[in-house]
Each structure stands twice: as C-alpha cells, then as structure tokens.
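Okay, structure first, notes after.
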Amino acid sequence: MFTNNQIFAAPLAGITDQPFRRVVREFSPDAPMVTEMISCHSLVGAHKNCLRNFDDYGAEGNVGAQIFGANVNLMADAARILQDAGAKWIDINMGCPVPKVATRAGAGAFLMQDHALAGKIMDAVVRAVDIPVSIKTRLGWDAAHQDWADLIRIAADCGVRFATLHGRTRAQLYVGPAVLPVIENQPIPIIANGDIRVMDDLIRVEKMGYSGAMVGRGLMGRPWALAEIMGGAAPTDVGNVVLRHLEYALSYYGKKTAVPMFRKHAAWYSAGMPNSAEFRIKINQITDSRLLKVAIREFWGII
C-alpha cells in the first residue's frame, strides 16, 4: 500500500498557489506537493506582477516546483532559480493542454509532439541542478498518437528521476474518464494522475504498476483530500478552514487581488451544501474582504 509520501498534490493552475499549499500542508505534513506551473520566461525575467516568481520554498517542506517553456536555456536557468529558492525537485510540464501553452507557446503538451526538443529541455534541466527532476505528461497528443512510453524512455536517458502520467490525451483536455495504462518494464517510476479520489483508486493503480498517485481536481475545495484518501477524516470545522485560507490569501496577494481570486475557492468549499447556489451568487458580488468574511461566517454558522 502506498505511504503518505507517495500521494502527491498535483500542480493546478490558479489553484495550488502558496496560500493553498499552506492549507494542504496543515492536513498533510509530509505529502509531496507540486506548485502551479511557472513560466520560465516570467521567472527568469523576474516579472513583478507574478508573485510565485518570488516564492521561498525553504519552509514549505516537500515541494517540487513546476516549470514550463520551450526555450532550452531559459528552462535550465529557471530550474537553477527554483533550486536556489528551496524547491526539493523540479518538475517539467509536458502535459498542459490549454492553447496558450500547448500551441501558441510550443510548450506543455506540445512537447509530446516534439521529442527532440523535449529531450534537449530535459537534458539541460537535469544538468543545471543538483536536485531531482521529474516530468508530468499525458498519454499523447490524441488517440492516434499515444506515445507516452517513448517520451518516458527519453526522460530516463536524460536522467529524469520519475514521471507523472495523466490518463487522458491532449485532445481530451479534462473531458471523459481518465484511462491509465498498465505499467510494465518502464525505466523510471511513474505516478498515476487522473480521477484519483478514493482509497480504491490507490489500490487499483498500485496493482497496475504505478509507484504513487497524484490527486488533482479532487483537491478543489478539499485541501484535506490527500489525508482523507489515506484514511483520515474530513475536518468538522470547514468554515474555519475557509477563513484561514482567506487570511493566507489576503496576506499573500493583498485585498484587491485576493478577494476576487478567493471567490472560486469559497464556492468549491461550499459545493454540495444546502443553499450553496445562493451562497455562490452572493459572494460573486462581494469585493470587500470584511464582507466576504461575514458571508463565510454566516454560511458555515460561525459565531
């Protein structure tokens, strides 16, 4: 059976930022987590409008930093910066399907179509840092090109330590069930990703030959999901968790950015609860942090 350090928190763009990781860490002190993806151009250029370019991972525990890009030298430079910032390993995004990354930028899932460039990037990043390097990829570009195993063999030859495999093609985006292949005779450990939500999913992918599992969208509104999937209980004071998460966001982003950004989190936390639709409508009109706190307290019955 997998142990806690084999159950990963996935990189989720716009979600697994520093405030969210801080909440996850409260429930899963030892779990490996991956940051939301970071542009090598933005990081190396130290763009000030992107706060994650300046995160300090030294106190965050077992956190890997994920980078994306198509420029070999910039990817290597970005890896060095993240290593100096305290990341425990570097993850290269080779699976993001969104057009601005996978087509216009020639990065993310595009690298599944250009194994030569992917190999150059992996080799450069591995050589640039002393910490482990991993990749996160998908089955392939589409149903006719499911060549994930070829990419993983190239990764192993470059010195990549492990890979995460998402059980959908780029063409599928996030539609339909994830279908993970059985793992046999692979040169590096592979982590299963896609529709991992309950203990039975862990048991299933372990029997299929995977070396661990990565929870992605199951974390949305449930930062305790990693602990729960390993047999722990969900918190009884969810409202206080929400308020704590909001305080972390306010501290990190400031009120102007944090309030509109946090509304999606509050909505996810409320999913499935009575009157959650009305709550979502209400908070989507709130721009003041004090009023947002009041709405959260009222919804969860916190006096």
Side-chain angles (χ1 to χ4, degrees), residues 8 10-13 34 36-40 64 66-72 75 89-126 133-197 201-202 204-218:
F8 292 66
L12 298 170
V34 188
E36 56 182 338
M37 63 181 183
I38 305 167
S39 163
C40 67
Q66 187 185 78
I67 50 176
F68 77 95
N71 182 297
V72 175
M75 288 289 278
W89 82 93
I90 303 297
D91 187 69
I92 303 173
N93 184 307
M94 296 189 175
C96 179
V98 300
K100 70 177 181 180
V101 173
T103 52
R104 293 197 291 274
F110 178 84
L111 296 174
M112 296 187 297
Q113 294 192 109
D114 191 340
H115 288 184
L117 176 58
K120 291 177 182 177
I121 289 173
M122 290 186 283
D123 183 69
V125 171
V126 168
V133 175
S134 64
I135 65 169
K136 188 173 188 294
T137 190
R138 286 176 170 241
L139 299 177
W141 186 257
D142 55 31
H145 302 88
Q146 297 195 34
D147 51 1
W148 60 270
D150 293 336
L151 186 60
I152 285 175
R153 280 193 288 272
I154 295 170
D157 290 342
C158 292
V160 169
R161 300 282 190 87
F162 66 94
T164 300
L165 182 63
H166 182 90
R168 295 180 179 88
T169 64
R170 186 267 171 181
Q172 287 179 273
L173 301 177
Y174 297 97
V175 178
V179 180
L180 287 159
V182 173
I183 297 301
E184 294 179 328
N185 302 317
Q186 293 301 318
I188 54 176
I190 300 179
I191 308 302
N193 176 230
D195 298 343
I196 306 292
R197 295 182 182 274
D201 295 325
L202 301 183
R204 172 175 55 87
V205 297
E206 186 176 29
K207 289 180 178 177
M208 293 170 66
Y210 290 88
S211 299
M214 181 175 282
V215 180
R217 287 179 293 169

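When reading the values below, keep in mind they use all heavy atoms of this one structure, side chains included, and skip hydrogens, waters and symmetry mates.
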query = Checking side chain to side chain contact (heavy atoms under 4.5 Å, CB included) for the pair Ile90/Met75: CA distance, chi angles, key distance, verdict?
reply = CA-CA 10 Å; Ile90 303 297; Met75 288 289 278; over 6 Å; no
task = Go through Phe68 and Ser39 one step at a time and tell me if the side chain to side chain contact (heavy atoms under 4.5 Å, CB included) criterion holds.
result = CA-CA 5 Å; Phe68 77 95; Ser39 163; 3.6 Å; yes
message = Before you tell me yes or no, could you show the steps for Leu117 and Val72 under side chain to side chain contact (heavy atoms under 4.5 Å, CB included), namely the whole-Å CA-CA distance, both residues' side-chain angles and the distance that decides it to 0.1 Å?
response = CA-CA 8 Å; Leu117 176 58; Val72 175; 4.0 Å; yes
Atom pairs and distances, side-chain donor-acceptor, residues 91-101, under 3.5 Å, sequence neighbours left out:
{"residue": "Asp91", "atom": "OD1", "partner": "Ser134", "partner atom": "OG", "Å": "2.5"}
{"residue": "Asp91", "atom": "OD2", "partner": "Gln66", "partner atom": "NE2", "Å": "2.8"}
{"residue": "Asn93", "atom": "OD1", "partner": "Gly95", "partner atom": "N", "Å": "3.0"}
{"residue": "Asn93", "atom": "OD1", "partner": "Cys96", "partner atom": "N", "Å": "2.9"}
{"residue": "Asn93", "atom": "ND2", "partner": "Gln66", "partner atom": "OE1", "Å": "3.0"}

Identify every side-chain donor-acceptor pair in residues 206-214 under 3.5 Å, counting partners at least two apart or on other chains, and give the distances.
{"residue": "Glu206", "atom": "OE2", "partner": "Met1", "partner atom": "N", "Å": "3.3"}
{"residue": "Tyr210", "atom": "OH", "partner": "Pro181", "partner atom": "O", "Å": "2.5"}

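Comment: Asp114 does not engage Lys120 in a salt bridge, judged by the lack of any side-chain N to carboxylate O separation of less than 4.0 angstrom.
The distance from the CG atom of Asn193 to the OG1 atom of Thr164 is 6.5 Å, given to the nearest 0.5 Å. Within the model, atoms CH2 of Trp89 and CZ of Arg161 stand 12.5 Å from one another, a figure rounded to the nearest 0.5 Å. Rounding to the nearest 0.5 Å places CD1 of Ile67 at 8.5 Å from CD1 of Ile38. Gln113 CD to His145 NE2: the interatomic distance, rounded to the nearest 0.5 Å, is 8.0 Å. Distance check: Leu165 CG to Thr137 OG1 gives 7.0 Å after rounding to the nearest 0.5 Å.
Taking Arg153 as the reference, Asp150 meet the salt bridge (charged side-chain N to carboxylate O under 4.0 Å, His left out) condition, with sequence neighbours excluded.
Contact annotation: the side chain of Met112 approaches that of Leu151 to within less than 4.5 Å [non-hydrogen atoms, C-beta and beyond].
Asp201 and Arg197 get closest at one heavy-atom pair: OD2-N, 2.9 Å.
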